[in-house]
Amino acid sequence: MAVTKPTNNESFEDQTSLMKRNQELEQELSRSREREEEMRNELLKTWQRLRIAEDAEEMLCSQLGELEAEAVDQARADHAKIVSLVKQLSRAQQLLQAASISISL
């Protein structure tokens, strides 16, 4: 089998085909770079939203801690008031019994 030398016409077609393919690849590369830049921008926006959410979470946790402390203080004060009222009621009942006055609760 003999190898034939390509004609000038075949060589021109090969070059044209290669140039066309090169242009397609360059366009694809350009689109790929644009997509990469868009994804980078989206990642940055997402990171910024995450940072804001983390800051908000920290503030909410701090506020929740303060509210819990206030609730504990209020519960202790309420308990002390209840104990005081129970003692007053007990003393009042003792006084009434001492005076021979009977009441039922």
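On a predicted model such as this, the values are computed, not experimentally measured, just so you know.
Pairs of residues two or more places apart, or lying in two chains, that qualify as side-chain hydrogen bond (donor to acceptor under 3.5 Å, both in side chains) and include a residue from residues 71-87 are Gln74-Asp78.
With contacts defined as side-chain heavy-atom distances shorter than 4.5 Å, the pair Thr46/Arg49 qualifies. Between Met39 and Leu43 there is no side-chain heavy-atom pair separated by less than 4.5 Å.
Atom SG of residue Cys61 and atom CD of residue Glu66 lie 11.5 Å apart, to the nearest 0.5 angstrom. Once rounded to the nearest 0.5 Å, the distance linking CE of Met19 with CG of Asn22 reads 9.0 Å. Here CD of Glu36 is found 9.5 Å from CG of Leu29. Values are rounded to the nearest 0.5 Å.
Between Arg33 and Glu37 no salt bridge is recorded (no basic side-chain N to carboxylate O distance below 4.0 Å).
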Open item on the list: I'd like to know whether Arg21 forms a salt bridge (charged side-chain N to carboxylate O under 4.0 Å, His left out) with Glu24, so could you lay out the CA-CA distance, the side-chain angles of the two residues, the decisive distance to 0.1 Å, and finally the verdict.
Closed with: CA-CA 5 Å; Arg21 179 67 180 141; Glu24 290 170 356; 3.5 Å; yes
- [ ] Would you sort out whether Arg35 and Glu28 count as a salt bridge (charged side-chain N to carboxylate O under 4.0 Å, His left out), showing the intermediate values?
- [x] CA-CA 10 Å; Arg35 286 191 306 267; Glu28 182 60 33; 3.4 Å; yes
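Atom CD of Glu42 has more than 12 heavy atoms from other residues, nucleotides or ligands within 6.0 Å.
With sequence neighbours left out, Asp55 forms a salt bridge (charged side-chain N to carboxylate O under 4.0 Å, His left out) with Arg51.
In this structure, the side chain of Thr16 engages the main chain of Phe12 through a donor-acceptor pair within 3.5 Å.
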